[in-house]
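Worksheet for the structure shown next.
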Amino acid sequence: MTTYTNPVLNADWSDPDVVRVGDDFYLTASSFGRVPGLPLLHSRDLVNWTLVGHALQRLEPAREFAVPRHDCGVWAPSLRHHDDRFWIFWGDPDQGIFQVNAPEIRGPWTRPHLVKEGKGLIDPCPLWDDETGEAYLVHAWAKSRAGVKNRLTGHRMHPEGTGLLDAGRVIVDGDRIPGWFTIEGPKLYQHDGWFWILAPAGGVETGWQGAFRSRGFFGPYEERVVLEQKDTDVNGPHQGGWVRTCAGEDWFLHFQQRGAYGRVVHLQPMRWPDGGASRSGGAGGGGGWPVIGDDGAPVAVHERPALPPQPAAAPATDDDFPGGRFGRQWQWTANPHDGWATQHSGDGLRLTCVRSADAHDLRKVPNVLTQRLPGVPSVVEVELRLHSEEPGARAGLAVLGDAFGWIGLQRGSDGTVHLVHRFAETVAEAERDADHPRLAPGGRARLRIETGAGARCRFHYDTGDGLRPSGQVFAATPWRWVGALLGLFALAPVGAGHAGAAGFTRFRITPR
């Protein structure tokens, strides 16, 4: 194939940033309150991506993330390669600016280091000036915590990334730019003698991508809109990273907000009218502004980057859980405890039925194992057996967001197992039945969710006599910043002693 079609990552890989090291491209994204965090993706052609690991194994401070905090945690990371190390900076809106680094993309990664403490410090991005030896950092502000937004603050930074060397000053004030609001997500570069900040504005659903340039890091900066929706169906095209290939081509990866599907990732061609190169390599030229997409509009289909052809690839979704282990695509909804998932000699995921006072509300449960909802209509299937003999123990397959729905098995007080299907609306504090419970002979079931346009979900089950629909159509909903998630879980009521386990096998996602 000579062309590619957007989005190149059709699921919630929110707030992407990208870097090239040799012939390899690496991408990270926001992971918010899920664990492990800071996903690491790899590509050789900017179109086909695979998930190779995570840089953050636990969220800190640990006590803050012992319970789900779905919209908190890791916001808008920046990924850089400097001094033969990979660096990731991110903002936790309640804690401050953190940094981790590693000699290789697969680690080992350092523990999180707090670069600057404070409320509302988000979207940090570092820059090392190899000519002067100076290091800088720019960040945005979350009004929900700091009381201010629409401005970018710049600092001189210790070259080792351990701290900031000044109190910082506002280098871009969006309130002084007519029509601009909610400037955030800055990415900092040097190009042809200018400091460049690529930063979105206008909000995630309706905004645009801006570019700012100055001869000095602390300004003053000029601004220009370089990517906007125009007459396309790509709303709010913004917040991402610029990367240059070995062949000298420039590309921009950014997100589009798509409701319950979250923030999907698009690849846009990018060029400098002067044809100049960044300080990282190549020949320089004049001082034009970058042109992204089709003269500032997002492209749907475009000629592929001039890179060696690669086999089709995408982040994994299916899982047979060999030895009881789950793949890299899965994340817990809070810091995990030992014993939630048990390794064993066969295939299949064995989840402990964790006792919880919040078993009636999956949004409050930390031991839900999740992955992203696909951005295309799909069929999601898993086979479940409830081993637990504990009355009230349940396990199932869920679509999780501000509202949630799930289908699965529950042990009754008389020892029988029932197929149950439940949901909770956004404002509801507890789930209720979406269909009538029915006996599940043998404590087994095949569970299916069919997703359609608008993330509308139809639930099905098979307890031995064929696949049957259950309940009404359920429209998946996101959290405030996070797309809807698929989840597997096992729970039991509060009580004493071990409550048993549930087994999941053959998890599959197939495009419809």
Side-chain angles (χ1 to χ4, degrees), residues 13-17 19 26-41 51-128 135-142 145-146 153 155 157-165 168 185-188 241 328 330-338 366 481-482:
W13 300 95
S14 179
D15 312 319
D17 195 23
V19 68
Y26 300 102
L27 180 147
T28 192
S30 297
S31 50
F32 299 97
R34 304 193 301 279
V35 182
L38 290 173
L40 303 167
L41 287 82
L51 179 64
V52 297
H54 292 82
L56 190 61
Q57 296 308 307
R58 295 184 71 83
L59 290 168
E60 295 188 10
R63 65 183 182 278
E64 299 289 339
F65 293 97
V67 296
R69 302 180 67 207
H70 297 289
D71 289 308
C72 301
V74 177
W75 283 23
S78 292
L79 174 63
R80 294 292 181 264
H81 191 259
H82 166 72
D83 197 23
D84 295 325
R85 296 187 72 84
F86 290 91
W87 301 78
I88 301 179
F89 286 69
W90 76 92
D92 179 320
D94 301 302
Q95 309 292 334
I97 294 170
F98 288 90
Q99 168 260 109
V100 292
N101 61 86
E104 304 290 343
I105 196 68
R106 291 172 174 82
W109 289 86
T110 61
R111 286 191 61 177
H113 173 77
L114 186 60
V115 178
K116 182 182 180 182
E117 184 178 5
K119 294 280 189 180
L121 309 178
I122 59 170
D123 308 351
C125 184
L127 183 143
W128 288 267
Y136 304 97
L137 184 133
V138 63
H139 70 82
W141 295 86
R145 274 73 163 186
T153 296
H155 295 265
M157 183 177 73
H158 192 288
E160 295 183 359
T162 52
L164 304 179
L165 303 180
K187 297 294 182 284
L188 181 60
R328 296 187 183 102
W330 297 98
Q331 297 169 290
W332 299 104
T333 48
N335 282 332
H337 290 189
D338 292 339
W481 309 124
V482 182

* Distance-only, no hydrogens or angles: does the Arg69 side chain make a donor-acceptor pair with backbone N or O of Ala334 under 3.5 Å? -> no

* Using modelled atom types only, decide if a donor and an acceptor are shared between the side chain of Arg145 and the backbone of Lys119 within a distance under 3.5 Å. => no

* Taking C-beta and beyond as the side chain, do Trp109 and His54 meet within less than 4.5 Å on heavy atoms? -> no

* Structure fact -> For Val115 and Gly161, the nearest pair of non-hydrogen atoms, with its separation, is CG2-O, 3.6 Å

Pairs under 3.5 angstrom only: tabulate donor-acceptor contacts from the side chains of residues 73-80 to other protein residues two or more places apart or in another chain.
{"unit_1": "Trp75", "atom_1": "NE1", "unit_2": "Asp71", "atom_2": "O", "d": "2.9"}
{"unit_1": "Ser78", "atom_1": "OG", "unit_2": "Pro124", "atom_2": "O", "d": "2.7"}
{"unit_1": "Arg80", "atom_1": "NH1", "unit_2": "Asp17", "atom_2": "OD2", "d": "2.8"}

* To do: Mark yes or no for whether Gln331, through its side chain, and Val35, through its backbone, hold a donor-acceptor pair below 3.5 Å.
  => no

* To do: Start with the C-alpha gap between Asp94 and Cys72, add the side-chain angles, then the distance that decides, and say whether side chain to side chain contact (heavy atoms under 4.5 Å, CB included) holds.
  => CA-CA 8 Å; Asp94 301 302; Cys72 301; 3.8 Å; yes

* Asked: So which heavy atom on Trp128 is nearest to which on His82, and how close?
  -> CD1-NE2, 3.2 Å

* **Geometric class of the His81/Phe86 ring pair [parallel <30°, tilted 30-60°, perpendicular >60°]** => perpendicular

* Should Pro108 and Pro103 count as side-chain neighbours, where that means a heavy-atom distance under 4.5 Å? -> yes

* Step by step, would you call Phe65 with Asp92 a side chain to side chain contact (heavy atoms under 4.5 Å, CB included)? -> CA-CA 12 Å; Phe65 293 97; Asp92 179 320; 3.7 Å; yes

* State the CG-NZ distance between Leu164 and Lys116, to the nearest 0.5 angstrom. => 6.5 Å

* Within a reach of under 6.0 Å around CZ of Arg106, are more than 12 heavy atoms found that belong to other residues, nucleotides or ligands? -> no

* His158: ring-ring contact (aromatic ring centres under 6.0 Å, His included) partners, not counting sequence neighbours -> none

* Least distance between heavy atoms, Val482 atom then Arg34 atom -> CG1-NH1, 3.3 Å

* Asked: What's the shortest heavy-atom distance between Pro366 and Trp332, and which atoms?
  -> O-CB, 4.1 Å

* Give the intermediate values and the outcome of side chain to side chain contact (heavy atoms under 4.5 Å, CB included) for residues Phe32 and Ser14. => CA-CA 9 Å; Phe32 299 97; Ser14 179; 4.0 Å; yes

* Side-chain (Trp90) to main-chain (Ser30) donor-acceptor, under 3.5 angstrom -> no

* Counting N and O atoms only, with roles assigned by atom type, does the side chain of Thr28 sit under 3.5 Å from a partner on the main chain of Leu40, one being a donor and the other an acceptor? -> no

* **side chain to side chain contact (heavy atoms under 4.5 Å, CB included) between Ile97 and Gln99, worked out** => CA-CA 7 Å; Ile97 294 170; Gln99 168 260 109; over 6 Å; no

* Asked: So, the side chain of Thr153 versus the backbone of His139: is there a donor-acceptor pair under 3.5 Å, distance only?
  -> no

